[in-house]
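Each chain gets a letter, A, B and so on, in the order the sequences are listed, and its residues count up from 1.
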Amino acid sequence: MQNQLTVFNTLSRTKEKFEPINKGLVGLYVCGPTVYSDVHLGNCRTFISFDLIYRYLLHLGFKVRYVRNITDAGHLEGDRDEGDDKFTKKAKLEQLEPMEIVQKYTLGFHDVMREFNNLPPSIEPTATGHICEQIEMIKEIISKEYAYEINGTVYFDVEKYNKEFPYGQLTNRKLEDLLEGTRELSGQDEKRGRLDFALWIGAKKETLMRWPSPWGWGFPGWHIECSAMSSKYLGNTFDIHGGGMDLQATHHTNEIAQSQACNHKSPVKYWMHTNMLTVNGVRMSKSAGNGFLPGELFTGNHPLLEKGYSPMGVRFFMMQTHYRSTLDFSNDALQASEKGYARLMASIKTLENLKTSDTSTSSIKDLEKSCYAAMNDDFNAPILVANLFEGARIINSVNDGKETISAEDLDQLKKIMHDFVFDVLGLRPESSNSSKDKALQGVMDVILDIRKEIKAKKDFAASDKLRDDLKKINITIKDTKDGATWSIEE
RNA sequence: GGUCCUGUGGCCGAGUGGCUAGGCUGAGCUCUGCAAAAGCUCCUACUGCGGUUCGAAUCCGCACGGGACCUCCA
């Protein structure tokens, strides 16, 4: 394995050496989407960031079990542990069965993930598929006396828990401070502590999604599903748990509390949190009205968008920012990275036809080292991208005859570029092999051949007209000393 | 109010106590019938004020600006 991977652990707020609990194996859990509406671009960023992490771990040779859940039940609208869950609300709104809502948005989510070329996780468990596991876990927490039941609803006793475990460790907060920031219990509240949260919520007569439990009919609280499913598939303590930074303070804090209360073990060795996508400096979210959907992004059909952007262009855009930094969206930034992406991909095409020499003028070994060093430093994709552009520079220089490369180094360079661009960054050349494309290739061969003859007769007016006319339909002709090439823009 | 993060060149964005990523844009040059592409060069930054240091954009303090979380949210 290429040197030592380090990861930034939210628990310690430092970069730590990555050493999996079981040598060669990695358990990775990422909080997935709540499928009651379309995912927006901000949601996608998190999943793309973890796709990069997953891909690099695979590239390093780890056997990774990647679990990413689908939340399809048990998510309340507000913080009061009362009212409808999100699915019931949406189902009533759209006059559908809750599970129709779930199905619709799950399929949509998968489509978007595929567009962005995200690898599917090893297991994608759903909350509704693991009601029994959640009930068992709640029973266990009650038996250890960290939870109590009132009128069919089970609450986690945060203050009691905090006497034995540090409740706010993930966000470096003390219980007293947390209590200060919370509103007083209102007369309607039945829970004992202001920070107590629901593990199981008793169904009201209008609740559509409900299951039987020892406490009557009801549905699970939001946090318990991740605790139950992660421990089921990855064990009571596993390597990496990830999610967006917005989940850190509440969701993940409560997850730790539940698992700790149940198993008396810290559930996760490395907590990893990805930063937010912003628009004009403000976090993209549905409530802020500044979010847009991947579909709108691809077509450009949104007031904030000047044009459509390809999924791979967007993915590359995200790869130029570290996952722990906020990424500000703008048309300018996106268009800039689209161009850079095109240049990088063009160089990879060029790479296939490079001529070799006896010696190399650039050190391919150093390039490789730099690529691994970048990724080993907490998955620093922006530095990796910078290095890949150095690779592009070498490729183009060799192609221009300004530098040379040995056959051995060329093989190595090909491997580096392919491994990192396609396998690690997960970029995919927008290629297709349809019969239409093959026909177009044939047609262009004929046209370029005719143009070559025209040029040989020095009829530049005619050859330029041909080139200009093709340009009008977005086909670019480039004359090089080895003949002409063509490509389709956008 | 509490807990944090952050402020980098025209734009986007990395970053280490000294050797100053990368992309995009702009200007120039080379190459070329021209164009395009490509390569090279240039425009060389670190919010402000103090402090530590031989030396700080990088460490510390203060100020100002931006943001996140503390309520559902990737």
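The nucleotide whose nearest atom lies closest to any side-chain atom of A:F389 is, among B:G23, B:C11, B:C69, B:G23. In this structure, of B:C70, B:G33, B:G23, it is B:C70 that holds the atom nearest to the side chain of A:A249. The side chain of A:K478 lies closest to B:A36, out of B:A21, B:A38, B:A36. Here B:G33 is the nucleotide among B:C24, B:A74, B:G33 with the atom lying nearest to any side-chain atom of A:S463. Residue A:H40 places its side chain closer to B:A74 than to any other of B:A21, B:A74, B:C69. Residue A:N172 places its side chain closer to B:U3 than to any other of B:U3, B:G39, B:A74. If you check B:C4, B:A74, B:A21 against the side chain of A:T34, the one that comes closest is B:A74. Taking every side-chain heavy atom of A:N396 into account, B:G39 is the closest of B:G39, B:A36, B:A74. You'll find that the side chain of A:S325 is closest to B:A14, out of B:G39, B:C11, B:A14.
A:M318 places its CE atom 17 Å from the P atom of B:C12, with the value rounded to the nearest Å. The separation between A:K457 atom NZ and B:G33 atom C1' is 17 Å, rounded to whole Å. Taking atom CZ of residue A:R283 and atom P of nucleotide B:U71, one finds them 14 Å apart after rounding to whole Å. Rounded to an integer number of Å, the gap from NZ of A:K402 to C1' of B:U32 is 11 Å. Put simply, CD1 on A:I454 is 19 Å from P on B:C34, counting in whole angstrom units. As a whole-Å value, the separation of A:M284 CE from B:C69 C1' is 19 Å. Nucleotide B:G2 holds its P atom 17 Å from the CZ atom of A:R194, rounded to whole Å. As rounded to whole Å, 11 Å separates atom C1' of B:U3 from atom CD of A:Q248.
Remark: the A:R45 side chain and the B:A74 base include no donor-acceptor N/O pair separated by less than 3.5 Å. A donor-acceptor contact under 3.5 Å is formed by the side chain of A:D479 with the base of B:C34. A donor-acceptor contact under 3.5 Å is formed by the side chain of A:R467 with the base of B:C34.
Spacing between B:A56 and B:C49 at atom C1', rounded to whole Å, works out to 15 Å. Spacing of P atoms, B:C5 relative to B:C62, comes out at 14 Å, to the nearest Å. Here the separation of B:G66 from B:U8, taken at their P atoms, is 13 Å to the nearest Å. Using atom C1' as the reference point in both B:U30 and B:U44, the two lie 24 Å apart (nearest Å). Separating the P atom of B:G23 from that of B:C60 is a span of 32 Å, rounded to the nearest Å. Separating the P atom of B:C34 from that of B:C40 is a span of 22 Å, rounded to the nearest Å. The same atom, C1', is picked in B:U58 and in B:C70; the two are 31 Å apart, to the nearest Å. When the P atom is compared between B:C69 and B:G61, the two are found 25 Å apart, to the nearest whole Å.
Residues A:D51 and A:R55 are paired through a salt bridge, judged by an N-O separation under 4.0 Å between the basic side chain and the carboxylate. Between A:K452 and A:D449 there is no salt bridge, since no side-chain N of the basic residue sits under 4.0 Å from a carboxylate O of the acidic one. Ion pair A:E338/A:K307 flagged as a salt bridge, since at least one NZ, NE, NH1 or NH2 atom sits closer than 4.0 Å to an Asp/Glu carboxylate oxygen. The pair A:E390-A:R393 meets the salt-bridge criterion, since a charged nitrogen lies less than 4.0 angstrom from a carboxylate oxygen. A salt bridge links A:D469 with A:K465: the closest approach of a Lys/Arg side-chain nitrogen to an acidic carboxylate oxygen falls below 4.0 angstrom.
Pairing for B:U53 is absent, judged as Watson-Crick or G-U wobble with the two contacts each under 3.5 Å. The partner of B:G33 cannot be assigned: no Watson-Crick or G-U wobble pair with both contacts below 3.5 Å exists in any strand. In this entry B:A63 has B:U47 as its Watson-Crick or G-U wobble partner, both defining distances falling under 3.5 Å. Summarising the base pairing, B:G22 is matched to B:C12 through a Watson-Crick or G-U wobble pair whose two defining distances lie under 3.5 Å.
Across all strands, A:T250 comes closer than 4.0 Å only to sugar-phosphate atoms, never to a base (heavy-atom distances). Using a 4.0 Å heavy-atom cutoff across all strands shown, A:I477 reaches at least one base atom of the nucleic acid. A:N387 comes within contact range of no nucleotide atom at all, as no heavy-atom separation falls under 4.0 Å. Base engagement by A:D464 is indicated by at least one non-hydrogen atom pair under 4.0 Å involving a base atom. A:G42 comes within contact range of at least one nucleobase, with a heavy-atom separation under 4.0 Å. At a threshold of 4.0 angstrom between heavy atoms, the contacts of A:D246 include nucleobase atoms, whether or not backbone atoms are also involved. Heavy atoms of A:F460 sit under 4.0 angstrom from at least one base atom. Residue-level contact check: A:A333 touches the backbone only, with heavy atoms under 4.0 Å from sugar-phosphate atoms and none from bases. Among the atoms of the strands shown, none is found under 4.0 Å from any heavy atom of A:M245. Residue-level contact check: A:L344 touches neither bases nor backbone, having no heavy atom under 4.0 Å from any strand. Using a 4.0 Å heavy-atom distance criterion, A:H322 is classed as a sugar-phosphate-only contact. Among the atoms of the strands shown, only primed sugar atoms or phosphate atoms (P, OP1, OP2) are found under 4.0 Å from some heavy atom of A:K339. No engagement by A:T350 is indicated, since no non-hydrogen atom pair under 4.0 Å with the nucleic acid exists.
For A:H251 and A:D400, each mapped to the nucleotide of RNA chain B holding its nearest heavy atom, the one lying further toward the 5' end belongs to A:D400. Ranked by how close their nearest RNA chain B nucleotide is to the 5' end, A:K471 and A:T321 are led by A:T321.
For B:C24, the OP1/OP2 oxygens have a side-chain nitrogen or oxygen of A:R343 closer than 4.0 Å. Within the 4.0 Å cut-off from OP1 or OP2 of B:G22, not a single side-chain nitrogen or oxygen of A:R393 is found. Note on A:N380: a side-chain N or O is less than 4.0 Å away from OP1 or OP2 of B:G15.
Going from atom CG of A:L470 over to atom CH2 of A:W486 covers 10.0 Å, rounded to the nearest 0.5 Å.
Annotation: cation-pi geometry satisfied between A:R68 and A:F47 (NZ/CZ under 6.0 angstrom from ring centroid, within 45° of ring axis). Geometrically, A:R324 engages A:F8 in a cation-pi contact defined by less than 6.0 Å to the ring centre and at most 45° from the axis.
Between A:Y372 and A:Y56, the ring planes are tilted. Angles from 30° to 60° get that label.
Each of A:D468, A:D445, A:D479 was checked for a salt bridge (Lys or Arg N to Asp or Glu O under 4.0 Å) with A:R451, and the lone residue meeting it is A:D479.
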